[in-house]
Amino acid sequence: MSPPDKKTIDRVNSLREQINHHNYLYYILDNPEVSDAEYDRLFDELTELEKKYPELVSPDSPTQRVGAAPLEEFKTVRHSLSMLSLNKATSEVEFLDFNRRVLELSGVGDEKIKYAVEPKFDGLAVEIVYRRGVFAVGSTRGDGVVGEDVTQNLKTVKTIPLKLLGKSPPDLLEVRGEVIINKEDFAKLNRQREKEGEELFANPRNAAAGSVRQLDSKITKSRPLSMFVYGIGRVEGVKLSNHRESMQYLKEMGFKLSQYVELCDTAEQVKDFYDKLLIARDKLPYEIDGMVVKVNEFALQEKLGELSRSPRWAVAWKFPPQQETTKVKDIIVSVGRTGALTPVALLEPVRVGGVEVSRATLHNEDEVKKKDVRVGDTVIIQRAGDVIPEVVKVIESKRTGKEKKFVMPDKCPVCGSKVERPEGEAIHRCTGIACPAQIKENMAHFVSKGAMDMDGLGYRFLEQMIDKKIISDQADLYFLKKDDIMQMDRMGDKLALNLLDAIDKSRNPTLTNLIFALGIRNVGYHIAGVLAKNFHSLDNLARQSKEELTQVYEIGPILAESIYNFFHNPKNLKILEKMKKGGVKFPTEKAPAKATPISGKTFVLTGGLDSFTRDEATKIIEDMGGRVSSSVSKKTDFVLVGKDPGSKYDNALKLGVKTINEEEFRKLIRK
Ligand code: IVH
């Protein structure tokens, strides 16, 4: 192979520059300029050229983020300047103590001290050494003096440049920062691990640390890592005189900085920043556990020096912990507005992240079982943002043997209706249409368009009626008198009459609207229509067994179960009776007036058809008074067999059910 010519070399360099630039825009600035496809084209072209001319491959080429062969063990790296740890402050008083010491020791007036403030990232501390602008060695902090050589791994992290930006790189630059995983990526990673049966990471910090400390860098590459820089080690060839300036410099070199870095002139400003960051904390996409306050001027830092491996010029002002230990006093079940039953742990109150917590969600039955939370257990709870605190885990060593296991009730704790847990779902639900926990939502659905369509009855009105106990279920609406309505706030004669009129008009629903209005789980408007077409009346629908329901095309076992459960809840039936008494007409949707050759016949479809989609064929059959079922039984009249039929065809032959092809079907429907 001939050596590369100048044109090729120039092209390789230009490609690298373009790719580095796009990487920077994408990963650091979150502001890409080209599509992924375009980026891939550049990358592929470079890969091809490097394959053709291996002598052109260089360690700072963007193609080198691939991960290398697994290591037996990590080599160690001695940091040329120790990576110190930080003293902590956990209150304003402790921070003010730090501030006072800084002022005393530095001997300058307090107007002279500037503090650089930034988040304390919760990840893994690393150092990267750049020689003449090129990534040379990457290491973990380790014990601060000696760390592990994770060069190959860190090279796979996209927010770490392999080559510094800018035309004149310094001879030496040691960059320090924290490798992290975003909260959202962390959740995704754990979901994936759960699916694959792998052990879950406890938190984003562990996930980040575990991902960097991998002997196989291909694994590191597959993890969504990024790095925020927060400091420098040794530097040669550039003069930096304070923290702020060095951060600005790192930014220009292509590193990622938190948007929350500021310079404060006074201790009060630091406190304000703390308050601001504490509020911003939950909205940040990554985890932070406090803020770091650093004396800005390097000269002053030096003067202040360090004491037992921690600098006297910096402090980590930690946020209140968001995890705490407490005891489970009881486990109750709360019923949500949609009827979902959630087990909730009642706790001995503790302060978590500055807020008193006395209950924590256990999500669902499977979670309680998985975490094995029992009444009397000592547990770790966690609070993140505005979300309800949750139980993280049980401290089993604190068990006395007197703890009581939790059992999910089979009746709704609010209304006593039967509870259902559809197959494949994690949530138990109450089947009561007028369950007080759900009545407001169910009622709003009941009166809405497509359901009973009571114009003018808004949520606020219904809520008031329910709160004032004027109505307690859907049927009560049909017994309202003008005087009842007049009790509402801001009600007038005319409005009251309009509402009564709207209620009256709704007494003649179509069957589809009526079925939809009942709010049976998973029965949307379309399915309500399918049920109406197939069963012709509410009474008939209510009589069907689960098996009969699943005979209908589009009705699967989960839907059949919820329909069945609805009509086998005596409370629901009572309300339907009451509705009738209130004057609601339960319509009968007749089979098509004209008898057609397929009225009342049941079809099963299998295989592909030429001139109809399956849905079209279904619609034709239903419009002509027939029914489409999803499985073949002795009751099936025709199995319509298309191309490449499935097992339904075999079943038809086995059961001796009549099969017809598309041609015969067309004759039957005369199309
Ligand atoms: S400065 C001498 N800044 O905290 C100063 N550290 O307890 C040394 N950390 O190992 C570190 N965010 O992992 C600094 N903005 C930040 C930081 C930060 C997180 C971690 C870092 C370090 C530990 C020190």
Side-chain angles (χ1 to χ4, degrees), residues 77 79-90 94-95 98 101-102 115-128 138-148 150 154 157 159-160 174-182 203-213 225-235 240 242-244 246-248 250-251 255-264 270 273-274 277-278 280-281 284 286-298 300-319 321:
V77 173
H79 303 294
S80 53
L81 289 177
S82 293
M83 292 179 77
L84 302 177
S85 48
L86 290 166
N87 285 322
K88 286 182 200 58
T90 53
E94 287 181 14
F95 162 68
F98 159 81
R101 272 195 310 275
V102 167
Y115 288 118
V117 291
E118 57 202 27
K120 186 169 190 302
F121 306 103
D122 206 4
L124 178 75
V126 298
E127 177 175 71
I128 299 145
S139 56
T140 60
R141 173 173 178 270
D143 64 4
V145 179
V146 174
E148 286 164 330
V150 285
L154 292 182
V157 178
T159 38
I160 304 179
E174 294 180 348
V175 179
R176 291 169 176 188
E178 195 91 347
V179 174
I180 57 126
I181 289 187
N182 274 345
N203 51 45
R205 173 166 39 88
N206 287 1
S211 300
V212 172
R213 300 186 62 256
L225 298 168
S226 59
M227 179 177 82
F228 283 110
V229 286
Y230 57 66
I232 51 173
R234 228 152 46 107
V235 192
L240 300 166
N242 61 51
H243 183 73
R244 173 86 168 175
S246 65
M247 288 297 106
Q248 192 53 38
L250 291 181
K251 193 171 170 187
F255 292 93
K256 186 163 164 166
L257 261 63
S258 159
Q259 76 203 85
Y260 288 97
V261 286
E262 281 179 24
L263 206 55
C264 297
V270 175
F273 182 83
Y274 177 91
L277 201 57
L278 190 56
R281 174 187 201 180
L284 285 181
Y286 46 87
E287 289 209 330
I288 62 176
D289 58 349
M291 73 185 280
V292 183
V293 188
K294 299 169 183 173
V295 169
N296 189 43
E297 291 302 326
F298 287 161
L300 254 187
Q301 289 187 1
E302 218 157 296
K303 185 167 179 193
L304 288 162
E306 59 182 78
L307 189 68
S308 55
R309 303 213 159 274
S310 302
R312 275 189 288 229
W313 48 264
V315 73
W317 188 355
K318 304 268 284 196
F319 290 148

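Everything quoted here is computed from the prediction, not taken from an experiment. Order of appearance sets the numbers: ligands from 1, and atoms from 1 within every ligand.
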Would you please name every residue forming a side-chain hydrogen bond (donor to acceptor under 3.5 Å, both in side chains) with Glu262, sequence neighbours left out?
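Counting only residues at least two positions away or on another chain, Glu262 forms a side-chain hydrogen bond (donor to acceptor under 3.5 Å, both in side chains) with Lys276.
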
Does the N or O separation between Val292 and ligand 1 drop below 3.5 Å for any pair?
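No; every N/O pair is 3.5 Å or more apart.
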
Below the 3.5 angstrom mark, is there an N/O of Ser85, backbone or side chain, next to an N/O of ligand 1?
no

Are Glu174 and Ser80 close enough that a side-chain donor and a side-chain acceptor fall under 3.5 Å?
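Short answer, yes.
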
Ignoring hydrogens, what is the shortest heavy-atom contact between Arg176 and Ser82? Give both atom names and the distance.
NH1-O, 3.4 Å

State the atoms of ligand 1, each with its element, that fall below the 4.0 Å cut-off from a heavy-atom position in Pro311.
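The list of qualifying atoms is 2 (C).
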
With a 4.0 Å cut-off on heavy atoms, is Pro119 touching ligand 1?
yes

Would you call Phe228 a ligand 1 contact, heavy-atom distance under 4.0 Å?
no

Out of Asp122, Leu86, Val179, who gets a non-hydrogen atom closest to atom 24 (C) of ligand 1?
Leu86

Pick, from Arg176, Lys294, Met83, Lys120, the option with the minimum heavy-atom distance to atom 4 (O) of ligand 1.
Lys120

Are Tyr286 and Phe228 an aromatic pair by the rule of ring centers under 6.0 Å?
yes

Under 4.0 Å between heavy atoms, the region of Tyr260 that gets near ligand 1 turns out to be neither

